[in-house]
Amino acid sequence: MNAVMYGAGNIGRGFIGELFYRSGYRIAFIDVNLEIINALNEKGKYTVEAVSNDGSREIEVSGVSGVNGMDAAAVSGAIAKADIMATAVGVNILPRIAGNIAQGLKTRFDGGNFSYFNIIICENMIDADKFLREAVKEKIGDDYKDKVDELVGFVEASIGRMVPIQTPALTNNDILRVCVEPFNTLYTDKNGFRGAVPEIVSMEACAPFDLYIKRKLYIHNMGHSMTA
């Protein structure tokens, strides 16, 4: 099975990438940071270290590769052959990647691939699913819009795993290594999926999802804000 992780930063590698790996996926990371992309292609693996007061544990995430986010053909090709996809690029970047996602979906459809395809949107944005769906449909053209609505799931997610600033001391000067907290539950909008909900380790598909977004805002985010 193939997964695309659009965004090879701390959340992409340190959270979603780990869950995809543990669920049996080969992962193609898309990013514009060529230093990270080249390192992923050179090593084909990286380490995630979960640290707590009780100690630490390491997991080696293997079967990974990198795709240059500036290479539209390579990006669309990776999306076209993927079984699932996630984004962790930042809210401001979502409109910039909508065109590449649209081209990847067109390549899927033009190649006769009409299987369900779900995109888990790991961004700090309420209604990110609606935002990205409309952005992609705007880029994809009228002939494909019905297929997007029918076959492509845009799935909101609540990201609760904390990933601190990665200092050289934390990463042992390894550009790919990520230190994280042990918590790794990925809450997603059950109603956003198309077809069967994919089996992903530590993912909980929930409905109504609005409750989980509010819980994160008022407990997780506000708790951190008050502490700060």
Side-chain angles (χ1 to χ4, degrees), residues 2-9 11-12 16-17 20 27-34 37 66-159 186-198 200 205-210 212-213 216-217:
N2 296 309
V4 161
M5 182 66 242
Y6 215 130
I11 295 299
I16 312 305
F20 279 159
I27 312 162
F29 287 91
I30 301 173
D31 207 286
V32 296
N33 185 328
L34 294 185
I37 292 304
V67 178
N68 182 353
M70 301 299 291
D71 186 339
V75 171
S76 62
I79 293 173
K81 67 181 182 182
D83 299 292
I84 194 168
M85 176 178 161
T87 75
V89 296
V91 172
N92 294 334
I93 305 300
L94 281 180
R96 301 184 191 180
I97 69 173
N100 282 346
I101 295 174
Q103 186 57 51
L105 295 176
K106 287 174 67 174
T107 303
R108 292 175 70 87
F109 301 150
D110 289 344
N113 184 351
F114 300 112
S115 59
Y116 292 114
F117 184 64
N118 291 296
I119 304 173
I120 302 173
I121 308 166
C122 306
E123 314 291 351
N124 288 316
M125 179 184 190
I126 295 176
D127 291 334
D129 55 332
K130 298 180 181 65
F131 180 87
L132 186 58
R133 177 183 293 276
E134 291 309 310
V136 169
K137 288 173 67 175
E138 183 179 328
K139 298 288 186 180
I140 203 168
D142 293 339
D143 292 343
Y144 297 89
K145 288 182 178 179
D146 289 344
K147 284 287 185 289
V148 172
D149 286 332
E150 176 188 357
L151 300 174
V152 184
F154 292 81
V155 184
E156 271 195 292
S158 176
I159 305 302
L186 175 64
Y187 295 103
T188 55
D189 181 6
K190 184 177 181 179
N191 294 331
F193 288 97
R194 292 291 186 267
V197 176
I200 298 175
C206 314
F209 191 65
D210 180 63
Y212 289 84
I213 290 291
K216 187 202 179 225
L217 287 174

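In what follows, every heavy atom counts, from backbone to side chain, and hydrogens, waters and symmetry copies are set aside.
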Within the side chain of [X], is there an N or O that forms a donor-acceptor pair under 3.5 Å with the backbone of [Y]?
| X | Y | result |
| --- | --- | --- |
| Asn118 | Arg194 | yes |
| Lys145 | Ile140 | no |
| Glu156 | Asp127 | yes |

Please report the closest heavy-atom contact between [X] and [Y], naming both atoms and the distance.
| X | Y | answer |
| --- | --- | --- |
| Ile27 | Gly17 | CD1-O, 3.2 Å |
| Ala3 | Phe20 | CB-CD1, 3.7 Å |
| Ala205 | Val197 | CB-CG1, 4.0 Å |
| Val148 | Arg133 | O-NH1, 3.6 Å |
| Ala78 | Val67 | CB-CG2, 4.3 Å |

Interatomic distance, [X] atom [atom1] to [Y] atom [atom2] [nearest 0.5 angstrom]:
| X | Y | atom1 | atom2 | result |
| --- | --- | --- | --- | --- |
| Ile11 | Asn124 | CD1 | CG | 8.5 Å |
| Cys122 | Ile16 | SG | CD1 | 3.5 Å |
| Leu132 | Ile101 | CG | CD1 | 4.5 Å |
| Leu186 | Ile120 | CG | CD1 | 6.0 Å |
| Cys206 | Tyr212 | SG | OH | 4.0 Å |
| Asp143 | Asp146 | CG | CG | 9.5 Å |

- [ ] For side chain to side chain contact (heavy atoms under 4.5 Å, CB included), just list the numbers for Tyr144 and Val152, CA-CA rounded to whole Å, side-chain angles, deciding distance to a tenth of an Å, and then say yes or no.
- [x] CA-CA 11 Å; Tyr144 297 89; Val152 184; over 6 Å; no
Sequence neighbours excluded and cut-off under 3.5 Å, please list the side-chain donor-acceptor pairs for residues 81-89, or say none.
residue: Asp83; atom: OD2; partner: Asn2; partner atom: N; Å: 2.7
residue: Thr87; atom: OG1; partner: Glu123; partner atom: OE2; Å: 2.9

Open item on the list: Run the side chain to side chain contact (heavy atoms under 4.5 Å, CB included) test on Tyr187 and Phe209 for me, step by step, so that the C-alpha distance in whole Å, both residues' side-chain angles and the decisive distance to 0.1 Å come before the verdict.
Closed with: CA-CA 9 Å; Tyr187 295 103; Phe209 191 65; 4.2 Å; yes
Open item on the list: Strictly by side chain to side chain donor-acceptor pair (under 3.5 Å), give each pair with a member in residues 66-77 just once, sequence neighbours left out.
Closed with: none
Open item on the list: Quick test of your reading: applying side chain to side chain donor-acceptor pair (under 3.5 Å), list the pairs with at least one residue in residues 89-109, sequence neighbours left out, ordered by first then second residue.
Closed with: Tyr6-Asn100, Arg108-Ser115
Using a cut-off of 6.0 Å, state whether more than 12 heavy atoms not belonging to [X] lie near its atom [atom1].
| X | atom1 | result |
| --- | --- | --- |
| Ile126 | CD1 | no |
| Lys139 | NZ | no |
| Phe193 | CZ | yes |

- [ ] Take Val91 and Phe131 through the test side chain to side chain contact (heavy atoms under 4.5 Å, CB included) and record every step on the way to the result.
- [x] CA-CA 10 Å; Val91 172; Phe131 180 87; 5.8 Å; no
Open item on the list: Are the side chains of Ile79 and Val75 in contact, using a 4.5 Å heavy-atom criterion?
Closed with: yes
